[in-house]
Amino acid sequence: MALSKNFEHVSAESKWYQHWLDKQYFASKPDGREPYTVAIPPPNVTGVLHMGHCLNNTIQDILVRRARMQGKNACWVPGTDHASIATEAKVVHMLRERGIAKSSISRDEFLTYAWEWKEKYGGIILQQLKKMGCSLDWDRTSFTMDDHYYQSVIGVFNDLYSKGYIYRGKRMINWDVKAKTALSDEEVIFKDTQSKLYFLRYELADSPGQHITIATVRPETILGDTAICVHPDDERFKHLQGKFAYVPLINRKIPIIADEYVSMEFGTGALKITPAHDMNDYQLGQKHQLEVIDVLNDDGTMSEAAQLYVGVDRFETRKKIVVDLEASGNLVKTEEYPNQVGYSERTDVVVEPRLSLQWWVDMKKISGPALDAVVNDDIKFHPAKFKNLYRHWMENIKDWCISRQLWWGHRIPAWYDQQGNVFVARNESDALTLYRQKYPEGKKEDLRQDEDCLDTWFSSWLWPFEVFKGYSNPGNPDIKYYYPTQTLVTAPEIIFFWVARMVMAGFEYMNEKPFEQVYFTGIVRDKQGRKMSKSLGNSPDLLEMIDRFGADAVRFGIMISSPAGNDLLWDESTNEQGRNFSNKIWNALKLVKMWEERKPVTTTYSTQQAEKAYFAIHWFDARLRQVKAELDQSYEQFRLSEALMTVYTLIWDDFCSWYLEWVKPPYGEETIDEKVLNATKGFFDELMKLLHPYMPFITEEIYHHLSARAEGDDICIARLESAAMQDADAGILANGKLLQASITGIRDARNKAQLKPKESIVLYVQTEAPAAYEVIGDILARQVNASSIELTDSTIAQAIPAVAGKETFYLLSSTPIDMGSQKEELMKELEYLRGFLLSVEKKLGNEKFVQNAKAEVVDIEKKKKADAEMKIRMIEESLTTLN
RNA sequence: GGACUGUUAGCUCAGUUGGUUUAGAGCAUUACUUUGACAGAGUAGGGGCCACUGGUUCGAGUCCAGUACAGUCCACCA
């Protein structure tokens with residue numbers, strides 16, 4: 001069988017993914033095995049794959065595939081989120097492009113368009129996950145607006161309402177004037193902004209011509225002013241307390257009140273109070289029973305109440321009113337003022353604090369167990385630093401505004417009658433029943449359902465259990481088997497939006513945490529450290545990259561640059577590293593396949609001979625065990641990039657660079673030792689299994705090239721056995737290190753002396769461990785092109801000396817050689833050793849050290865000293881041969 | 001403004017309770033190697049006062065304090 005020059009990822013990847021699907025390897029059913037459950041953080045239904053998804057889902061796939069190979073019943077549930085604001089915005093945009101205004105169509109018409117949109121674009125992101133190789137159980141694909149899911153959301157609302165945890169109230173909320181909806185606090189992003197501070201003077205009512213000056217960044221809101229407030233102890237304004245002033249331009253008479261809230265140092269010490277448009281002003285207004293004048297419409301234009309600029313946008317008004325205030329003589333001065341302004345997370349417009357009637361969840365009622373679970377490590381956070389963040393938020397939790405003025409989503413199950421009563425029920429007929437309990441003659445037509453939808457997160461907080469119908473069909477076999485899930489992999493950005501609320505919902509409705517552990521990924525940034533975003537255009541086209549480099553390479557690239565718990569500065573060049581790695585593995589396969597074409601020879605050795613003949617095998621066997629133990633550690637701590645690096649070097653360095661070279665049959669030889677061949681293939685199998693979670697496609701491909709496999713023998717479901725170190729391993733590994741150091745040192749010496757690779761040498765070894773050379777001698781000789789190896793007690797004249805660790809080698813060559821550079825090298829080494837010796841001697845000469853340090857430490861230092869002295873002696877001896 | 005995290009080679013990061021060499025890895029870089037798996041490669045190098053300043057200690061990249069810078073989260077005094 002002829003193998004292509006490189007790994008052909010395009011054909012292999014689609015072929016194997018389809019094969020895995022055909023074999024139902026990702027489909028999970030409850031059975032006697034230990035479950036390993038992961039519920040995907042559902043991407044927006046209309047979203048497309050970006051680097052954040054790539055990182056997040058690669059990590060999940062690694063965990064899930066590894067669990068599957070460890071014999072667990074792995075179940076990774078896919079799905080999407082209806083993403084109310086984001087999707088509705090897209091549909092509104094689409095309609096506008098078709099010349100349809102949302103306001104011109106009915107709710108039902110709009111929803112028809114929205115569902116069409118969802119059907120058309122909804123599956124895209126899931127298809128993209130398949131391209132990445134994600135081993136999701138597609139039969140379980142969920143959507144937050146599936147029937148059972150919808151009913152559960154409504155059910156939860158009803159339940160919380162009946163417990164008194166949900167209420168309706170008029171409060172200050174964050175208003176998105178573009179989406180025309182309320183936002184939760186978490187949906188507001190504060191950005192540093194260079195603003196202007198305007199100093200405005202208000203004429204005093206009793207003293208014409210006299211003024212009080214206030215400072216504001218929002219002059220347009222003065223039209224809604226209902227008071228001016230000063231600090232009660234402020235001497236400058238004491239005489240004005242209880243007096244009145246006129247709002248400029250409209251001359252409304254407002255009181256001057258006193259409250260300790262006002263800072264005497266800031267601005268002029270006098271604060272204008274606009275209860276309708278500022279959170280703090282609202283509270284002051286409540287306290288002092290001030291009038292509330294709302295001067296803005298829901299789209300951000302000035303309302304009738306403003307009297308002036310009616311219908312003009314708020315920012316346009318700001319420009320105009322400043323001009324007018326200046327003209328009227330009320331503008332004293334303006335100052336540059338840097339402050340932070342809230343923007344909508346979804347639409348990126350400046351958020352308007354606004355008083356409105358919304359639905360709220362009283363979070364303190366349900367946060368208790370959720371806080372404890374994380375603080376007690378019942379749910380483990382990785383990295384643990386997020387525990388503090390979580391705790392702080394939970395301890396200071398505020399009520400959650402859950403109503404959104406949108407149509408796409410779960411409609412709030414509340415009905416209102418003409419009298420202003422509210423009936424919360426699961427459906428209209430239940431609501432009618434409630435209504436009739438109060439008004440027996442009531443008719444269906446008297447009731448009107450709330451127009452609003454619920455916040456998206458009010459549905460996604462049920463995700464870990466409702467994907468198994470844990471709420472809608474309690475106690476079913478799936479929920480009993482799969483819940484709680486094992487690992488949640490998500491971005492720290494949504495720790496409050498989602499993670500915290502899932503924990504609360506889990507305890508409230510399943511009486512159990514939703515997941516055992518949470519792994520917070522870093523944020524994917526570009527090379528300059530900027531967050532990847534659409535607007536910056538620094539987000540690469542993932543599918544194009546997969547086509548070009550292969551999914552394995554892209555997965556490799558993102559994982560290798562992803563330190564546990566840190567943001568990752570991702571650069572496209574890591575794709576190349578991944579592709580080169582694939583190529584390297586592919587070529588190793590080609591080499592092994594070439595050997596296979598030779599004549600197999602079965603050789604029997606005595607135990608002692610075998611130790612020597614098969615040293616490479618014994619060594620790699622030990623290395624595998626060692627690395628597997630390291631990997632277990634890394635996985636346990638979610639150090640996935642470290643684990644990948646470990647596998648990478650094991651394959652590239654240990655297997656390709658060392659092992660394969662050690663066992664490679666000499667050129668021209670037509671036979672192959674059968675035991676070596678079989679062992680090599682076995683190692684290759686194991687290596688592919690270790691790598692499979694990271695690079696599923698190429699590993700499956702190689703696995704099948706290595707040996708003819710029975711039907712159903714695929715690496716995807718192969719067992720990955722863990723291994724413990726054995727007693728003999730330490731000695732073998734030490735010999736391996738000695739062999740490597742010797743080869744490197746001697747090659748270096750050959751290079752420096754400009755000995756051609758083909759020129760053979762006689763190698764003399766001066767060593768404290770002669771026995772080792774019994775075992776490693778043959779390989780050493782071949783790797784450094786030595787015709788023979790001799791042990792020696794003394795220096796060898798006319799030979800090139802080389803020092804490696806405690807060993808000294810003498811390379812005797814038949815051709816005359818230039819020793820100059822070699823001598824220089826040895827002098828450098830000598831200089832280093834003398835410096836080192838000095839530092840050790842200094843340490844040992846320090847009485848306090850010898851007195852206070854632990855005995856072992858002192859012994860180590862003594863040994864260092866002896867070693868250094870010995871090496872110096874050896875180099876000095878070697879140098880004499882160069883003279 | 002408050003809290004947390006970080007600052008180690010050109011870049012990205014390891015460095016476990018202070019002591020096994022005068023600090024490691026990957027990528028990048030340099031020199032050499034070119035028909036026998038792989039030039040998308042091989043072999044061998046170079047490259048760091050561990051941010052700064054003090055302190056604790058026989059001993060500090062590692063512990064403590066302060067300073068500077070960066071990042072994240074929270075708060076919002078108009």
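In what follows, chains are A, B, ... by sequence order, proteins preceding strands, each numbered from 1.
Close to B:A25, at under 4.0 Å from its OP1 or OP2, lies no side-chain N or O of A:Y648.
Taking atom P on both B:G6 and B:A14, the two are 10 Å apart, rounded to the nearest angstrom. For the C1' atoms, the distance linking B:G59 with B:G18 amounts to 8 Å, nearest Å. B:A3 and B:U20: their P atoms are spaced 37 Å apart (whole Å). With C1' as the reference atom, B:U21 and B:G15 are 16 Å apart, rounded to whole Å.
In this structure, A:S582 reaches neither bases nor backbone, as no heavy-atom distance under 4.0 Å exists between it and the strands shown. Using a 4.0 Å heavy-atom criterion, one finds that A:C229 contacts no nucleic acid atom at all. Residue contacts shown for A:K842 are absent, as no nucleic acid heavy atom lies under 4.0 Å away. Residue A:N583 is classed as a base contact, given a heavy-atom separation below 4.0 Å to a base. Note on A:K272: nothing from the nucleic acid sits closer than 4.0 angstrom, heavy atoms only. Residue A:E661 is classed as a base contact, given a heavy-atom separation below 4.0 Å to a base. A:R391 comes within contact range of no nucleotide atom at all, as no heavy-atom separation falls under 4.0 Å.
Judged by distance alone, with hydrogens and angles left aside, A:N6 brings a side-chain donor or acceptor within reach of the base of B:G40, the pair sitting under 3.5 Å. One donor-acceptor pair, N or O on each side, does fall under 3.5 Å between the base of B:C76 and the side chain of A:Q340. Between the base of B:C4 and the side chain of A:K385 there is no donor-acceptor pair shorter than 3.5 Å.
For A:D653, whose side chain is taken as the heavy atoms from C-beta onward, the closest listed nucleotide among B:A37, B:A39, B:G26 is B:G26. The side chain of A:W652 approaches B:A41 more closely than any other nucleotide in the set B:A41, B:G45, B:A37. Across B:U43, B:A44, B:A37, the shortest atom-to-atom separation from the side chain of A:S657 is found for B:U43. Taking every side-chain heavy atom of A:D748 into account, B:G45 is the closest of B:G45, B:C58, B:A37.
Using cut-offs of 30° and 60° for the angle between ring planes, the A:H705 and A:W586 rings count as perpendicular.
Both A:T744 and A:K848 lie close to RNA chain B; mapped to their nearest nucleotides by heavy-atom distance, the more 5′-ward contact belongs to A:T744.
Between the CZ atom of A:R747 and the C1' atom of B:G45 there is a distance of 15 Å, given to the nearest Å.
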Less than 3.5 Å apart, which donor and acceptor atoms pair up between the side chains of residues 855-875 of chain A and the rest of the protein, not counting sequence neighbours?
{"residue": "A:E861", "atom": "OE2", "partner": "A:K864", "partner atom": "NZ", "Å": "2.8"}

Within the 4.0 Å limit for protein heavy atoms, which parts of nucleotides 18-24 of chain B are touched? Write it as a string from 5' to 3', B for base, S for sugar-phosphate only, - for none. -BSBB--
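Against RNA chain B, the stretch residues 574-581 of chain A makes heavy-atom approaches under 4.0 Å through A:Q577, A:R579, A:N580.
Side-chain rings of A:F520 and A:F381 approach one another, their centers coming within less than 6.0 Å.
Salt-bridge check for A:K196 with A:E335: failed, with every basic side-chain N at 4.0 Å or more from each acidic carboxylate O.
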